[in-house]
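A short worksheet on the structure shown next.
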Amino acid sequence: MVLLDIDYVTDNDKPVIRLFGKEMKDDGDNHIIALDRTFKPYMYVIPHDMDAALKQLEEMGLKNLEKLRKKDLGIDLELIKITLKHPQEVPKLRENILALTMVKDIREHDIPFYRRYLIDNGLFPMSEIQMTGKTVNFSKCVYSGAENINIIDLEESPLPLESDFPELKILSFDIEVRNPDGMPNPDKDEIIMIGLAGNFGVEKVISTKGDHLEYVEKVSNEKEIIQKFVDMVKKYHPDLIVGYNSDNFDFTYIKQRAKLLGVKLDLGIDGSELKFIRRGFTNSATMKGLIHVDLYLVMRRYMNLDRYTLERVYLELFGEEKFDLPGDRLWEYWDQDGDALDELFRYSLDDVVATYKIAEKILPLNMELTRIVGQPLFDLARMATGQQVEWFLMRKAYEYGEVAPNKPSNNQYSERRGKKAVGGYVKEPETGLHENIVQFDFRSLYPSIIISKNVSPDTLIAESVQGVIECIGENNDENPWKNSECHSAPEYGYKFVKEPKGFIPSVIGQVLTERSRLKKKMNETVDPMEKKILNVQQEALKRLANTMYGVYAYSRFRWYSIECAESITSWGRDYIKKTMKKAEKFGFHSIYADTDGFYATYKPDEIKDNK
DNA sequence: CAGAAACGGGG
DNA sequence: GTGTACGTTTCTG
């Protein structure tokens, strides 16, 4: 089946991973919930002294202790893996464990259980997985409410399979409210319309008016609008539901009105209700087995605009204006009936169709990122790009046998926030009209620097941060690096060993190699659909590689290193300036430069060697 | 002037 | 829930 989403529930005090997926059949989709009871939560302990630490942990009553070898930023390390019975024991016990005198540090104690499961089993959402297990009798199952769902009790964890991009059923929705007094107030302002649009032939507006329009589904009151919405979502059974600012507005509003009117929002595949989970200071709307993507959050990351209204984003993506009405006067259109009401219906349909079109355009990239990063689409669509890179690296760390660094403490975080790495070299443009212009730029300058200079926290020579040290050359016995070859960053003098290859340079290397392979394949492919998919895949890898340099200076990054960030930009400035100097020697005159490229003019008869 | 609070999107 | 945005602008004391 295609793995769409994942969570865990507790059954008899034991965690049960639930994998939500579907199998595509000719006569429709076959929905599946697979239960895995075999996976257990764990965390690592770095001991001061192995045997003494084991003794202290045993005295705490901990039983499943295991000695383990891992690497910590490239250095061999012996640590203790503590396996627990329930994920919630980890936050409960970790403070006490850290307080033990023989415990130096704790690691990987803050990884959500389902994410750990995906990483450890090598599973990727939006990809095929192979399962062995038996379908259990529904009546015996503790998860009530679901119908037409196959529940499989797994005998062992599933295996990942190579697979193509899955075809998903996508439904977009949008609500309209009658708000005569400023912003909508869910205590008094009723929902008057809910628009729906999808890739399975649906374009509808549910309302209490407008049955002369063919796309309107008329019901008799607001309660029935919401009930109809719930019924339709269940009937269509989309894999994905998308909205615009739907975390904050549409779902929040529907939830409050539904509560007031007594409608059950049991949109979960297992019969559970729409629920809001806290993410920082804001909430996200979530349903079991139905992936909700709020496109507003996605678009804010994807494009750089002054505003991110639906109208603005739509114009930017499609180059055409969306039919728009003034938000504070929608209630007048509703009350007036006649032509004005028809305009409001048109506006409602236009909004939901625009939302759908944005989804169609932008989801393929996010689906690819989901398949690369390996975390659920719901999470990925709400992650900062730095977080996406981090979870990608968490998986790579597991594969490489590296134990992940901890997240920064509050103190470390505020300390990091005060620091800012100097950026790329910028030469302000010379004003005027120029002719005979040549342009030069480096292809993926920063990723190339990371790889060629081996810039990584695990290759950085700590002594070079404190002061000047020599690698090969200064042969006094005190110098531990006297036999090492290293790269030395301009301006700062931070040094990076040439061997072995650092963790992050290796990963970026892999990403770029994979991207080249896909690009080559794309250019050889004739089939336009295949070409398009390969293009999205290589685009996703490019985005990932390009974000990787920036994350060294991202304050919440586990592999944060201001020294790495500064070294990368200093090499970048060095390269661009040297290249410009060289060009000037040949008679070019540079007129503008920014970070990884520059523009120059030339007088055709003065160029010394124009080969 | 520094630190707190508000803001974004939505109707 | 192995959890707790975010960066920027505006207000307030």
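Note that the coordinates shown come from a computational prediction; the quantities given were computed from them, not determined experimentally. Just so we're on the same page: letters track the sequence lines, and every chain starts at 1.
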May I ask you to say what [X] touches in the nucleic acid, namely base, sugar-phosphate or nothing, with a heavy-atom cut-off under 4.0 Å?
X	result
Tyr117(A)	nothing
Leu330(A)	sugar-phosphate
Asn185(A)	nothing
Pro87(A)	base
Tyr308(A)	sugar-phosphate
Lys40(A)	nothing
Glu108(A)	base
Gly182(A)	base
Leu310(A)	sugar-phosphate
Tyr253(A)	nothing

Quickly work out the [X] [atom1] to [N] [atom2] distance and round it to whole Å.
X	N	atom1	atom2	answer
Met193(A)	dG11(B)	CE	C1'	12 Å
Ile254(A)	dG10(B)	CD1	P	16 Å
Asn248(A)	dG10(B)	CG	P	11 Å
Asn410(A)	dC6(C)	CG	P	12 Å
Arg178(A)	dG10(B)	CZ	P	21 Å
Met299(A)	dC6(C)	CE	C1'	19 Å
Arg300(A)	dT8(C)	CZ	P	12 Å

Checklist entry - Taking everything shown except Glu59(A) itself, do over 12 heavy atoms lie less than 6.0 Å from its CD? => result yes
Checklist entry - Considering residues, nucleotides and ligands other than Tyr302(A), do more than 12 of their heavy atoms fall under 6.0 Å from its OH? => result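 At most 12 heavy atoms, drawn from other residues, nucleotides or ligands, come within 6.0 Å of this atom.
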Closest approach to the side chain of [X], judged atom by atom: which nucleotide of [options] is it?
X	options	answer
Ile277(A)	dG7(C), dG9(B), dG1(C)	dG1(C)
Tyr8(A)	dT2(C), dG10(B), dG3(C)	dT2(C)
Gln88(A)	dG10(B), dG1(C), dC6(C)	dG1(C)
Thr282(A)	dG9(B), dG11(B), dA5(C)	dA5(C)
Pro112(A)	dC6(C), dT2(C), dG11(B)	dT2(C)
Asp110(A)	dT2(C), dG8(B), dG9(B)	dT2(C)
Glu311(A)	dG1(C), dA5(C), dG10(B)	dG10(B)
Asp174(A)	dG3(C), dC6(C), dG11(B)	dG11(B)
Tyr296(A)	dG3(C), dG11(B), dG8(B)	dG8(B)
Arg94(A)	dG11(B), dG3(C), dG9(B)	dG3(C)

Considering only the [atom1] atoms, how many Å lie between [N] and [M], rounded to the nearest integer?
N	M	atom1	value
dG3(C)	dG10(B)	P	33 Å
dA5(C)	dC7(B)	C1'	13 Å
dG9(B)	dT8(C)	P	15 Å

Next on the checklist: Is the phosphate of dA5(C) approached by Arg382(A) (side-chain N or O, under 4.0 Å from OP1 or OP2)?
Outcome noted: no
Checklist entry - For the atom pair CZ (Phe503(A)) and CG (Leu73(A)), what is the distance rounded to the nearest 0.5 Å? => result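 Answer for the CZ-CG pair, Phe503(A) versus Leu73(A), is 9.5 Å.
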Next on the checklist: Salt bridge or not between Glu399(A) and Lys396(A)? Use side-chain N to carboxylate O under 4.0 Å.
Outcome noted: yes
Checklist entry - Is Lys357(A) close enough and on-axis enough to Phe318(A), meaning under 6.0 Å and within 45°, for cation-pi? => result yes
Checklist entry - On the ring face of Tyr333(A), is Arg329(A) found with NZ or CZ under 6.0 Å from the centre and within 45° of the axis? => result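 Not flagged: Arg329(A) not positioned over aromatic ring of Tyr333(A).
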Checklist entry - Is the side chain of Asp247(A) donor-acceptor paired with the backbone N or O of Ala285(A) at a distance under 3.5 Å, no angle test? => result yes
